[in-house]
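Every heavy atom of this structure was used, including side-chain atoms; hydrogens, water molecules and symmetry mates were not. In listed order, ligands and their atoms are each counted from 1.
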Amino acid sequence: MPNLRYIKTEDIPHAKALADANRLSVGFMTKGKFDEAVQQKRGIIAIENEALVGFVLYRHRKIDQQTTLSEICVKSDYRGQNVGKQLVDALIQDCKTNHHTFIQLKCPVDLPANEFYRRIGFQLYATEAGKKRPLNIWRFTVSCPNKGEG
Ligand SMILES: CC(C)(COP(=O)(O)OP(=O)(O)OC[C@H]1O[C@@H](n2cnc3c(N)ncnc32)[C@H](O)[C@@H]1OP(=O)(O)O)[C@@H](O)C(=O)NCCC(=O)NCCS
């Protein structure tokens, strides 16, 4: 079981190295992007044996109750061990705390990650033209346990 916590400044070089190694799937991520995630508390990392093995960055949109998952990545030798799912579970918890009702993300149609999203309960909402390749838009409904009670 990995440890999960918000990303801190000291994690940035490790997260950036992981992103750089997966540039084809997560795109180019600047150090500034991670800095912002630290400052705004919108990144969660997974730690195994004191090393960073995965991260998820996101944004709770102010205009509505959407949370946008912008990047998720797990170190290749830790894949298939539920690290990605646990990162998303932690994000779901953060959505509940912030009263956000759904998570949305876009994923190039040709990436294996599409199957990951499907397996952990996301639903394919639409497919749109991207700059380089078509993008699947995936959504996950965050259940609010207090809704409808009473
Ligand atoms: C996508 C990614 C984050 C998944 O992380 P992971 O830790 O391997 O995923 P998990 O082990 O938590 O998998 C959860 C479920 O998804 C399934 N799954 C994960 N990756 C899969 C794949 N490539 N193909 C099919 N199923 C997959 C698992 O089998 C598991 O299903 P199960 O619970 O029914 O057995 C990881 O593969 C990765 O970092 N990829 C490179 C970066 C990337 O593509 N990011 C997304 C860009 S849109």
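Counting protein heavy atoms only, atom 22 (C) of ligand 1 is closest to Pro112 O, 3.9 Å. Residue, atom and distance of the protein heavy atom nearest to atom 26 (N) of ligand 1 are Glu115 CG, 3.8 Å. Protein heavy atom nearest atom 45 (N) of ligand 1, with residue, atom name and distance: Ile72 O, 2.9 Å. Closest to atom 37 (O) of ligand 1, if we only count protein heavy atoms, is Arg79 CD, 3.2 Å.
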- Item | Audit row: Asp94, Tyr6, side chain to side chain donor-acceptor pair (under 3.5 Å) steps and yes/no | CA-CA 10 Å; Asp94 205 68; Tyr6 288 115; 2.4 Å; yes
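The nearest protein heavy atom to atom 42 (C) of ligand 1 is closer than 4.0 Å. Remark: atom 29 (O) of ligand 1 lies closer than 4.0 Å to no protein heavy atom.
Here the straight-line distance linking atom CG of Leu87 with atom CD1 of Ile92 works out to 11.0 Å at 0.5 Å rounding. One finds the SG atom of Cys107 at 4.0 Å from the CG atom of Asn114 (value rounded to the nearest 0.5 Å). To the nearest 0.5 angstrom, His100 atom NE2 is 11.0 Å from Leu91 atom CG.
Using cut-offs of 30° and 60° on the angle between ring planes, the pair Phe34 and Phe55 is perpendicular.
Other residues, nucleotides and ligands contribute more than 12 heavy atoms inside 6.0 Å of the NZ atom of Lys16. For OH of Tyr125, the number of neighbouring non-hydrogen atoms (other residues, nucleotides, ligands) closer than 6.0 Å is 12 at most. In this structure, Gln123 places its CD atom where only 12 or fewer heavy-atom neighbours from other residues, nucleotides or ligands lie under 6.0 Å away.
The pair Arg118-Glu115 meets the salt-bridge criterion, since a charged nitrogen lies less than 4.0 angstrom from a carboxylate oxygen.
Proximity to Asn82 (heavy-atom distance under 4.0 Å) selects the following atoms of ligand 1: 10 (P), 11 (O), 12 (O). Numbered from 1 in the order shown, with element, the atoms of ligand 1 that lie under 4.0 Å from a heavy atom of Ser25 read 41 (C), 42 (C), 43 (C), 44 (O), 47 (C). The ligand atoms of ligand 1 that sit less than 4.0 angstrom from a heavy atom of Gln81 are 11 (O). Under a 4.0 Å criterion applied to the non-hydrogen atoms of Ala113, ligand 1 contributes the atoms 1 (C), 44 (O), 46 (C). For ligand 1, the atoms closer than 4.0 angstrom to any heavy atom of Gly84 are 5 (O), 6 (P), 7 (O), 12 (O). Ligand-side atoms of ligand 1 in range of Tyr117: 46 (C), 48 (S), range being under 4.0 angstrom from any heavy atom.
At under 3.5 Å, not a single nitrogen or oxygen of Cys107, backbone or side chain, sits near a nitrogen or oxygen of ligand 1. An N or O contact shorter than 3.5 Å links Val74 to ligand 1 by distance. Here's the thing with Arg119: one of its N/O atoms is less than 3.5 angstrom from an N/O atom of ligand 1. An N or O contact shorter than 3.5 Å links Gly80 to ligand 1 by distance.
Which of Trp138, Phe116, Tyr78 comes nearest to atom 9 (O) of ligand 1 through a heavy atom is settled by distance: it is Phe116.
With a 4.5 Å cut-off on side-chain heavy atoms, Tyr58 and Leu105 do not count as touching. Side-chain contact between Leu52 and Leu18 is present, with at least one heavy-atom pair separated by less than 4.5 Å.
Annotation for Gly121 and Phe140: closest pair O-CD1, 3.6 Å, computed over non-hydrogen atoms. For the pair Glu48 and Pro2, the tightest heavy-atom approach, listed with the atom from each and the gap, is OE2-N, 3.7 Å.
The proximity of Gln86 to ligand 1, defined as any non-hydrogen pair under 4.0 Å, does not occur for either the backbone or the side chain. Counting heavy atoms under 4.0 Å from ligand 1, residue Phe55 does not touch it at all. Both the backbone and the side chain of Lys85 come within 4.0 Å of ligand 1, counting heavy atoms alone. At a heavy-atom distance under 4.0 Å, no atom of Leu87 approaches ligand 1.
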